[in-house]
2 protein chains.
Amino acid sequence: MIRIIIAEDQRMLRGALGSLLNMEDDIEVIEEVGNGEEAYNTVINLEPDVCLLDIEMPIKSGLEVAEDLMRIGSPSKIIILTTFARPGYFKRAVNAGVHGYVLKDGSSDELAEAIRNVMKGKREYAPELVFGSLQGDNPLTEREKEVLRLVAEGKTAKEISQELYLSSGTVRNYISEAINKLNVKNRIEAIAVAKEKGWM
Amino acid sequence: MIRIIIAEDQRMLRGALGSLLNMEDDIEVIEEVGNGEEAYNTVINLEPDVCLLDIEMPIKSGLEVAEDLMRIGSPSKIIILTTFARPGYFKRAVNAGVHGYVLKDGSSDELAEAIRNVMKGKREYAPELVFGSLQGDNPLTEREKEVLRLVAEGKTAKEISQELYLSSGTVRNYISEAINKLNVKNRIEAIAVAKEKGWM
DNA sequence: GAACAATTATGACAAATGTCATCACATATT
DNA sequence: AATATGTGATGACATTTGTCATAATTGTTC
């Protein structure tokens, strides 16, 4: 019997997946949680065979949870389950060492199969991501990302400079660099592109 | 037996909900579709008792489908099923005359209950939305919304003016008006607020 | 018919944004 | 030692953005 936990913030999907996976003869859903923090604690306490992690969750993202769990050497297998086919997310997940990366665009049967395969020691990566990730590394530096995140909240250069203890000119330089690297024409497009690629 | 169709673009949720609802003794899922156009055609062809509609779908949004179906006097009951607790969406749905508005934050059992209630002639509206919608009408005019949508794509005032055959000064006036009405400080925040409230 | 809102425009102004060159410093890499 | 990269800064400049006053036109409502 494969013992799994599901971490997914959308209650309806979480419940539905839980019910369906529980009907499989060889799978047992031992816990369902709705945010990253609970996910982390539950994996440590219950040591499930497999942990399904959504990426965009409150408190802590699934990627952070995966990174933290791998770092402390958790024995549970981790499968990222997400809508987002973003190369940046995928790369980060693979880097962290997750055992699977499955898109919500598939069926729940495929998910069950992925769980079984991972238990057999295989890695299950969504094929469309494997190709896509061969090209296009995140060109943004840590500082540029940080600034861009604040820009995305609608903050002005001056506000950002105060928040990060920089001169406003420096902030503008970072934004300008980001616009240049992302090959777009203004901050709004920069935000859009960075988000789409999973580079924020 | 209640005959229903499910229109939802996320395959995993669609499949999972389909399986679960089909297990209910009194519900039969006769069709599942993944976009608004198919949803519209399928309702007309199959005349289900109930049609579950996601809002954000390709080609045609669930709100548009609901409006079109009500306009031609379709006998099928319509339930909007969405993540978004946005007053703007809710109001538009109620205005169109939908029979239910259920959030994906609930359980699939609640959804099944909502379906049964709607079949009994009741209306099923997520309670948090009913209160929320008492205040806060969309203050933006048609033109302001249109301009804001283009701003959200990262277009400059000049580009928008060319696209809409306006002077760039006029475009700036509209954006300025929107910023003022939404009580924010720049276009980026205006986009965020308008999206959050469902006013775009 | 008067009042009102929506659409469109212009001109003027201040503030924010984006670009560029250029510099300094620290830390890796070769 | 030389080179490259990331961080941080300054100054100058052109462009864009945001604000405000003002006004013509149209359609709707009282």
Side-chain angles (χ1 to χ4, degrees), chain A residues 88 91-92 95 135-200, chain B residues 88 91-92 95 135-200:
Chain A
K91 240 176 223 171
R92 201 172 145 195
N95 258 14
Q135 260 136 9
D137 253 321
N138 189 340
L140 302 175
T141 68
E142 212 33 66
R143 238 358 184 187
E144 285 159 359
K145 276 188 273 178
E146 198 172 10
V147 168
L148 212 49
R149 261 177 251 129
L150 296 172
V151 167
E153 290 172 24
K155 300 207 163 98
T156 65
K158 200 194 282 178
E159 287 171 327
I160 295 171
S161 74
Q162 278 156 16
E163 202 163 322
L164 301 182
Y165 305 103
L166 296 173
S167 85
S168 67
T170 302
V171 171
R172 279 194 288 149
N173 284 341
Y174 284 137
I175 298 172
S176 182
E177 254 311 290
I179 289 172
N180 181 39
K181 284 179 176 174
L182 298 176
N183 206 8
V184 293
K185 72 172 171 306
N186 60 40
R187 37 181 81 195
I188 299 185
E189 283 193 316
I191 295 163
V193 170
K195 274 191 182 158
E196 180 205 308
K197 306 256 188 180
W199 289 343
M200 289 200 41
Chain B
K91 238 175 225 172
R92 200 172 146 195
N95 259 14
Q135 259 136 8
D137 253 323
N138 189 339
L140 303 175
T141 67
E142 212 33 65
R143 230 13 177 181
E144 285 159 0
K145 277 188 272 178
E146 197 172 10
V147 168
L148 212 48
R149 260 177 253 130
L150 295 172
V151 168
E153 290 172 24
K155 301 208 163 98
T156 65
K158 200 195 281 181
E159 287 172 326
I160 295 171
S161 74
Q162 277 156 17
E163 202 163 324
L164 300 182
Y165 304 104
L166 297 173
S167 85
S168 68
T170 302
V171 171
R172 275 157 61 209
N173 284 340
Y174 285 136
I175 298 171
S176 182
E177 255 309 289
I179 288 171
N180 180 40
K181 284 179 177 175
L182 298 176
N183 207 8
V184 292
K185 71 174 174 306
N186 59 40
R187 40 181 79 196
I188 299 184
E189 283 192 319
I191 294 163
V193 171
K195 273 190 183 158
E196 180 205 310
K197 305 255 188 181
W199 288 343
M200 287 198 44

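Each chain gets a letter, A, B and so on, in the order its sequence line appears, and its residues count up from 1. For clarity, every value in this text was computed on a predicted model and none was experimentally measured.
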Inset, instruction - Give a yes or no on this: more than 12 heavy atoms of other residues, nucleotides or ligands lie within 6.0 Å of atom NZ of B:Lys145. - result: yes

Inset, instruction - For atom NZ of B:Lys197, decide whether the heavy atoms of other residues, nucleotides or ligands shown that lie under 6.0 angstrom number more than 12. - result: no

Contact under 4.0 Å: [X] side-chain N or O vs [N] OP1/OP2:
| X | N | answer |
| --- | --- | --- |
| A:Tyr174 | D:dT7 | no |
| B:Thr170 | C:dA9 | yes |
| A:Ser167 | D:dG8 | no |
| B:Thr141 | C:dT7 | yes |

Legend entry - Donor-acceptor pair (no angle test) under 3.5 Å: A:Arg172 side chain, C:dG18 base: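 Check passes, donor-acceptor contact within cut-off.
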
To the nearest Å, give me how far apart [atom1] ([X]) and [atom2] ([N]) are.
| X | N | atom1 | atom2 | value |
| --- | --- | --- | --- | --- |
| B:Lys185 | C:dA14 | NZ | C1' | 18 Å |
| A:Ile160 | C:dA16 | CD1 | C1' | 12 Å |
| A:Glu177 | D:dT5 | CD | C1' | 12 Å |
| A:Gln162 | D:dG8 | CD | P | 16 Å |
| A:Asn186 | C:dT19 | CG | C1' | 14 Å |
| A:Asn180 | C:dT19 | CG | P | 7 Å |
| A:Glu189 | C:dG18 | CD | P | 11 Å |
| B:Leu182 | D:dG18 | CG | C1' | 14 Å |

Legend entry - 5' precedence on DNA chain D between B:Thr156 and A:Glu144 (nearest-nucleotide basis):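 With B:Thr156 and A:Glu144 compared, the 5'-side residue is A:Glu144.
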
Inset, instruction - Measure from the side chain of B:Arg187, starting at C-beta and using heavy atoms only, and say which of C:dA16, D:dG18, D:dG8 lies closest. - result: D:dG18

Inset, instruction - Compare the minimum distances between each of C:dA21, C:dA12, D:dA21 and the side chain of A:Asn173, then state the nucleotide with the smallest one. - result: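 Ranking C:dA21, C:dA12, D:dA21 by closest atom to the A:Asn173 side chain puts C:dA21 first.
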
Legend entry - Check: A:Lys158 main-chain N/O paired with A:Ser161 side-chain donor or acceptor under 3.5 Å: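 Side chain of A:Ser161 to backbone of A:Lys158: a pair is present.
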
Inset, instruction - Using modelled atom types only, decide if a donor and an acceptor are shared between the side chain of A:Glu189 and the backbone of A:Lys185 within a distance under 3.5 Å. - result: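 Yes, the answer is positive, given that a donor and an acceptor are paired below the 3.5 Å cut-off.
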
Inset, instruction - May I ask you to test the A:Glu142-A:Glu146 pair for a side-chain heavy-atom distance under 4.5 Å? - result: no

